[in-house]
Amino acid sequence: MINRAGREIPDELLEKYGKEGYQGMNYRDSSSYKKAAPVVRATVDPKRSKMVSSIREALEKCGIRDGMTLSFHHHFRDGDYIVNMVMEEVAAMGIRDITICASSLGAAHDPVADMIEEGIVTGIQSSGVRGRIGEAISYGKLKTPAIIRSHGGRVRAIEEGDVHIDIAFIGAPTSDEYGNARGVGGKSDCGVLSYSMVDAQYADKVVVITDCLAPFPNMPASISMVDVDYVCVVDAIGNPAKIVSNVIRMTKDVREQMMAEYCTQLIAESPYFKDGFSFQTGAGGASLAVNMMLRPILEEKGITMSFAIGGITKPMCDLLDDGFVKCIVDAQAFDMGSIESIKHNPNHYEISTSQYANPMNKGAFVNKLDFVILGALEVDVDFNCNVVVGSDGIVRGAPGGHPDTAAGSKCSIIVAPLVRGRIPTICTRCTSVTTPGEAVDIVVTEYGIAINPLRADLLEAYKDSSLPIRTIEELRDEAYRITGAPRPIEFEDQIVGIIESRDGTIMDVIRKIKEVTI
């Protein structure tokens with residue numbers, strides 16, 4: 001079938017997974033479903049301890065066996081130790097055919113690629129894949145197609161029962177002996193534990209791994225003792241210094257500064273820019289610069305944001321401290337400044353990823369967003385965005401909250417250079433689609449700005465603007481003039497990945513690379 005995003009999805013794939021092709025942003029609005037439920041082992045005897053001496057003992061007590069699904073969270077990002085510690089023990093026990101259901105996987109988890117080749121790991125379900133795992137998927141080494149979901153889509157899949165977690169492993173900076181776990185208070189603070197909240201509630205067995213055992217009760221708990229089976233103390237769960245990746249950076253690049261200025265002017269001239277507006281920005285150079293550039297405009301016009309959400313960085317926390325934001329609702333701390341903020345500022349709140357972005361609950365924060373600023377690897381002339389597959393055909397990206405916030409916000413702004421490394425960013429057809437064009441409102445490049453023709457209201461709002469408004473086709477043509485039309489990547493027929501829409505329908509498929517083309 002050809003889905004609503006214009007992508008061909010094989011009928012046999014839809015039948016195999018019992019899925020539909022993507023039908024539009026609001027296709028499942030008002031539909032009903034019965035939530036899944038875990039198998040719970042009661043703790044009736046007050047003398048029974050939850051403490052285990054090692055990860056191996058936790059695995060044994062959880063009844064680890066071939067074919068299970070294990071889940072992990074990525075609040076430590078490139079500094080995470082938990083995935084490798086657990087999977088090394090799984091491999092040493094001779095366990096095989098494991099599916100990893102993680103909120104994201106990165107270069108820190110490169111050793112898992114070897115386990116894919118050895119048949120220890122045969123399934124990957126994640127909101128992001130980078131590093132050697134992405135290469136293994138792209139070259140067809142994973143036994144089953146990887147399933148890529150947004151952050152909201154991952155929560156939906158767990159709550160709706162599309163994926164059932166046998167054992168969840170939660171790396172917690174602090175926990176007491178009964179499993180009350182927090183994202184702060186230890187030597188390895190990560191701020192929040194938002195991604196793992198759904199895992200704790202829906203997994204059959206839950207293991208908290210900490211490097212700081214706190215006195216009981218460790219409150220207020222992000223993960224409650226009522227959901228935890230075992231607690232394991234290790235030397236270190238992660239390196240907080242590596243929470244900040246190269247993606248999270250302030251920019252001095254002239255091109256990024258220009259795009260940030262365009263974004264700031266777009267927001268300031270928008271009909272949604274008024275007292276009480278809501279905002280999410282990414283962690284890229286241009287996105288972070290917008291936070292700084294908005295400050296004098298907020299001050300001049302006496303405007304205060306009602307709330308800010310998303311992956312939070314220090315510049316947003318500074319706006320909170322100085323009274324330009326009433327509150328921050330946080331699903332991921334992106335740097336040490338944001339971790340310190342959630343420790344000390346009572347208006348900086350931790351929320352679950354379901355509260356943040358699950359499209360199938362009774363209302364998520366993304367639905368109340370006015371503006372979101374996002375990046376993209378590619379944007380095509382239909383405004384479809386690719387943030388998963390690189391220009392060489394390798395899986396190397398993460399939907400994260402991209403599709404969720406784009407669909408939920410009143411004005412979604414994509415910031416991307418016209419060309420990256422002699423490769424067009426604005427193109428005729430994306431390598432893959434992560435976020436459908438109907439959810440994308442404005443595309444900002446250093447060569448000009450394109451407004452989605454579906455948004456007649458925005459076209460009207462900016463018709464007298466001094467901003468360099470162009471059509472998306474004009475931007476594509478300029479990119480091709482500079483670089484030449486891109487040479488298509490050659491793929492084989494084998495499907496190695498599935499990109500799910502946030503509502504569980506199929507947005508696109510990823511095929512095995514036949515030839516790497518730079």
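The first residue of the sequence shown is numbered 1, and numbering continues consecutively from there. Hydrogens, waters and symmetry mates are skipped; everything else that's a heavy atom, side chains included, is used. As the structure is a prediction and not an experimental result, all values here were calculated from the model.
Here the shortest heavy-atom pairing between Ile237 and Ser188 reads CG1-CB, 3.9 Å. Heavy atoms only, all atoms of each residue included: Pro399 and Val387 are closest at CA-CG2, 3.7 Å. Nearest heavy-atom pair across Val433 and Asp508 is N-OD2, 2.9 Å. Closest of all the heavy-atom pairs between Thr69 and His164 is CB-O, 3.4 Å. Of all the heavy atoms in Ile116 and Ile133, the pair that sits closest is CD1-CG2, 4.1 Å. Contact between Ile495 and Pro145 at its shortest, heavy atoms only, is O-CG, 3.7 Å.
Residues Glu159 and Asn358 have side chains that bring a donor and an acceptor to within less than 3.5 angstrom of each other. Between the side chains of Glu378 and Thr431, at least one donor N or O sits under 3.5 Å from an acceptor N or O. A side-chain donor-acceptor contact under 3.5 Å links His151 and Tyr195. A side-chain donor from one of Asp80 and His109 sits under 3.5 Å from a side-chain acceptor of the other. With 3.5 Å as the limit, one finds no donor-acceptor pair spanning the side chains of Glu177 and Ser49.
Within a 6.0 Å sphere centred on NZ of Lys187, heavy atoms belonging to other residues, nucleotides or ligands number more than 12. Counting non-hydrogen atoms of other residues, nucleotides and ligands closer than 6.0 Å to NZ of Lys314 gives a total of 12 or fewer. With a 6.0 Å radius and a threshold of 12 heavy atoms from other residues, nucleotides or ligands, Asp45 has its CG atom above the threshold.
Among Ile147, Ile124, Leu70, Val163, the one residue that satisfies the side chain to side chain contact (heavy atoms under 4.5 Å, CB included) test with Cys101 is Val163. With Arg156 as reference, Asp162 is the one residue of Asp503, Asp162, Thr353, Asn361 to meet the side chain to side chain donor-acceptor pair (under 3.5 Å) rule.
Side-chain N or O atoms of Ser196 include one that pairs as donor or acceptor with a backbone N or O of Leu193 at under 3.5 Å. Not one N or O on the side chain of Asn26 forms a donor-acceptor pair closer than 3.5 Å with the backbone of Asp29. Distance alone, capped at 3.5 Å, places no donor-acceptor pair between the Ser150 side chain and the Gly401 backbone. Under the 3.5 Å distance criterion, the side-chain polar atoms of Thr174 are matched with a main-chain donor or acceptor of Val184. Looking at Ser103, its side chain does come within 3.5 Å of a backbone N or O of His74 through a donor-acceptor pair. For the pair Arg182 (side chain) and Pro220 (backbone), a donor-acceptor distance under 3.5 Å is present. Under a 3.5 Å cut-off, the side chain of Ser341 and the backbone N or O of Gly337 do not form any donor-acceptor pair.
When side chains are defined from C-beta on, Tyr178 does not count as touching Val228, because their heavy atoms never get closer than 4.5 Å. Side chains of Ile158 and Val155 form no contact here, defined as non-hydrogen atoms less than 4.5 Å apart.
Using a 4.0 Å cut-off between charged side-chain N and carboxylate O, Arg396 and Glu135 make no salt bridge. Of the charged side-chain nitrogens involved, at least one lies within less than 4.0 Å of a carboxylate oxygen, so that Lys19 and Glu500 count as a salt-bridged pair. Ion pairing between Asp204 and Arg41 fails under the 4.0 Å rule for side-chain N and carboxylate O. Here Asp380 does not pair with Arg429 in a salt bridge; the nearest charged N to carboxylate O distance is not below 4.0 Å. Between Glu57 and Lys61 there is a salt bridge, since at least one side-chain N of the basic residue sits less than 4.0 Å from a carboxylate O of the acidic one. Here Lys343 pairs with Glu340 in a salt bridge; the nearest charged N to carboxylate O distance falls below 4.0 Å.
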| Which is it for Gln280 and Tyr356 under the side-chain hydrogen bond (donor to acceptor under 3.5 Å, both in side chains) test, yes or no, and what are the steps along the way? | CA-CA 11 Å; Gln280 175 172 331; Tyr356 169 53; 3.1 Å; yes

| field | Test log, rule side chain to side chain contact (heavy atoms under 4.5 Å, CB included), inputs Val395 and Arg130 | value | CA-CA 7 Å; Val395 175; Arg130 295 182 173 92; over 6 Å; no

| message | Please determine whether side chain to side chain contact (heavy atoms under 4.5 Å, CB included) holds for the pair Ile243 and His75, giving the CA-CA distance in whole Å, both sets of side-chain angles, and the decisive distance to 0.1 Å. | response | CA-CA 7 Å; Ile243 289 174; His75 286 293; over 6 Å; no

| message | For Met1 and Asn3: C-alpha separation, side-chain torsions, deciding distance, then whether side chain to side chain contact (heavy atoms under 4.5 Å, CB included) applies. | response | CA-CA 6 Å; Met1 71 158 298; Asn3 69 10; 3.9 Å; yes

| request: Check the pair Ile498 / Leu13 against side chain to side chain contact (heavy atoms under 4.5 Å, CB included), numbers first and verdict last. | output: CA-CA 10 Å; Ile498 298 168; Leu13 182 80; 3.9 Å; yes

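Taking CG of Asn347 as the reference point, atom CD1 of Ile328 lies at 9.0 Å (rounded to 0.5 Å). Once rounded to the nearest 0.5 Å, the distance linking CZ of Phe365 with CG of Asn367 reads 11.0 Å. Here Thr43 contributes atom OG1 and Asp229 contributes atom CG; the two are 7.0 Å apart, rounded to the nearest 0.5 Å. Distance CG/Leu142 to OG1/Thr144: 4.5 Å, rounded to 0.5 Å. Remark: Asn386 CG to Thr434 OG1 distance equals 5.0 Å, nearest 0.5 Å. A distance of 12.0 Å separates NZ in Lys326 from OG in Ser278, rounded to the nearest 0.5 Å.
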Under 3.5 Å, which donor-acceptor pairs link side chains of residues 83-95 to any protein atom two or more places apart or in another chain?
unit_1 : atom_1 : unit_2 : atom_2 : d
Asn84  : ND2    : Ala108 : O      : 2.8
Glu89  : OE2    : Arg56  : NE     : 2.8
Glu89  : OE2    : Arg56  : NH2    : 3.1

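Not a single ring pair (Phe, Tyr, Trp, His ring centres under 6.0 Å) links Phe76 to another residue, sequence neighbours left out. Residues passing the side-chain hydrogen bond (donor to acceptor under 3.5 Å, both in side chains) test with Ser338, sequence neighbours excluded: Asp335. Not counting sequence neighbours, the partners of Lys512 by the side chain to side chain contact (heavy atoms under 4.5 Å, CB included) test are Glu492, Gln494, Val496. Every residue two or more places apart in sequence or in another chain was checked for a ring pair (Phe, Tyr, Trp, His ring centres under 6.0 Å) with Tyr22, and none qualifies. In this view, Asp114 and Glu118, Arg132 satisfy the side chain to side chain contact (heavy atoms under 4.5 Å, CB included) rule, not counting sequence neighbours.
Taking the ring centroids of Phe169 and Phe72, they lie under the 6.0 Å cut-off.
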